[in-house]
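The structure appears below as structure tokens.
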Amino acid sequence: MGFRPRPWHWLPRYQRRVVRHRGSLTRLLRGLTRHRFRVRVLREGYRLPKADEARELGLPARQKAWIRDVQLIGDDTPWVQARTVIPLHCLEGPNRRLRHLGNRPLGSALFGRHPWSREAFTCGQAQPLGHATQYPARRSRFRRGQGTLLVTECFLPPLWDDIRDQAVRRHPTHGDSLRPL
């Protein structure tokens, strides 16, 4: 997933509110889902990160990482395509569970009982796996102890269509809410 940084103001206001959401994206998307939310793993395993990902994480050239590409699907429609890059040293101790998430969302590990802290977002555009077009995206690093991982989330057009069609909705979990867009 190629990522190109861009300033926040290039996004329409209704998109900016979702892309800049500080809480769990999984929780936010579940709140927007009418019937069913799920995660589809596109591919995962030990691979070389892209040059910009390795630079962002301070990894030496040609060092493999655990890379997970998924789609976040609401009501049987892919809304977000996400890519997580986890350096090998982050997969030790309790963090080794990150390799075995399966169809569980990464948010369950990042915002769970022992949460990771998120650094500032970088807004931009990305071309997700299997797509020929770039879409609005965000990238952020998460830290816990000595571990740092990188998450790039690309927001697909059906999400914006569904948001525009919905009335004001509140999600009851942990105060995450979506105000009128």
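Since the structure is predicted, the reported quantities are computational estimates derived from the model, not experimental observations.
- At a threshold of 4.5 Å between side-chain heavy atoms, the hydrophobic network of Ile, Leu, Val, Met, Phe, Trp and Tyr places Leu150 and Val41 in two separate groups.
- No donor-acceptor distance shorter than 3.5 angstrom exists from the side chain of Arg99 to the backbone of Glu44, with no hydrogens or angles considered.
- Side-chain contact check for Pro136 versus Trp160: some heavy-atom pair is nearer than 4.5 Å.
- A salt bridge is absent between Asp75 and Arg38; no separation between the charged side-chain nitrogens and carboxylate oxygens falls under 4.0 Å.
- Under the 4.5 Å side-chain heavy-atom criterion for grouping Ile, Leu, Val, Met, Phe, Trp and Tyr, Phe3 is not connected to Ile86 through any hydrophobic cluster.
- Residues Pro87 and Thr148 approach most closely at CD-O, 3.0 Å, considering heavy atoms.
- Looking only at distances, no side-chain donor or acceptor of Thr77 sits under 3.5 Å from a matching main-chain atom of Ile73.
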Task: Check against side-chain contact (heavy atoms from CB on, under 4.5 Å), Leu32 and Leu159 - done: CA-CA 9 Å; Leu32 294 171; Leu159 172 65; 4.2 Å; yes

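- Proximity of a side-chain donor or acceptor of Trp10 to a complementary backbone N or O of Pro7 within less than 3.5 Å is detected.
- Residues Trp79 and Phe155 have side chains not in contact (no heavy-atom distance under 4.5 Å, counting atoms from C-beta outward).
- In this structure, Leu156 is not a member of the same hydrophobic cluster as Val18, with clusters built from ILVMFWY side-chain heavy atoms closer than 4.5 Å.
- Counting only distance, with no hydrogens or angles, the side chain of Gln81 and the backbone of Leu129 share a donor-acceptor pair below 3.5 Å.
- Donor-acceptor pairing under 3.5 Å is lacking for the side chains of Arg83 and Thr152.
- Ion pairing between Arg34 and Asp76 fails under the 4.0 Å rule for side-chain N and carboxylate O.
- Of the possible donor and acceptor atoms, one in the side chain of Arg96 sits under 3.5 Å from a partner among the backbone N and O of Gly93.
- Using a 4.5 Å cut-off on side-chain heavy atoms (C-beta onward), Thr84 and Ile67 make no contact.
- Here Trp66 and Tyr46 bring their ring centres to under 6.0 angstrom of each other.
- A donor-acceptor contact shorter than 3.5 Å links the side chain of Arg118 to the backbone of Gly23.
- Counting heavy-atom neighbours within 6.0 Å of His35 NE2, excluding the residue itself, gives a total of 12 or less.
- Within the 4.5 Å cutoff, the side chain of Leu149 has no heavy atoms near those of the Val85 side chain.
- The nearest pair of heavy atoms linking Gln127 to Ala132 is NE2-CA, 3.8 Å.
- Note on Val151 and Leu91: same hydrophobic cluster, where clusters join Ile, Leu, Val, Met, Phe, Trp and Tyr whose side-chain heavy atoms are under 4.5 Å apart, directly or indirectly.
- Relative to the six-membered ring of Phe121, Arg141 misses at least one condition, a distance below 6.0 Å or an angle of at most 45° to the axis.
- Considering all non-hydrogen atoms of both residues, Ala137 and Gln125 come closest at CB-C, 4.0 Å.
- Cation-pi geometry between Arg143 and Trp116 is not satisfied (NZ or CZ under 6.0 Å from the ring centre, within 45° of the ring normal).
- The closest side-chain heavy-atom distance from Gln63 to Leu48 is not below 4.5 Å.
- Hydrophobic clustering of Ile, Leu, Val, Met, Phe, Trp and Tyr side chains at less than 4.5 Å, counting indirect connections, keeps Leu59 apart from Leu88.
- Side-chain contact between Leu25 and Arg138 is present, with heavy atoms from C-beta onward closer than 4.5 Å.
- Looking at Leu98 and Cys90, their side chains never come closer than 4.5 Å, going by heavy atoms from C-beta outward.
- Across Thr26 and Phe37, no two heavy atoms sit closer than the pair CG2-CE2, 3.7 Å.
- Glu56 places none of its side-chain heavy atoms less than 4.5 Å from the side chain of Pro49.
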Task: Residue pair Leu101, Arg68: steps toward the side-chain contact (heavy atoms from CB on, under 4.5 Å) verdict - done: CA-CA 10 Å; Leu101 289 172; Arg68 182 174 190 247; 3.7 Å; yes

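- Scanning both residues, Thr122 and Pro5, for their nearest heavy atoms gives CG2-CB, 4.0 Å.
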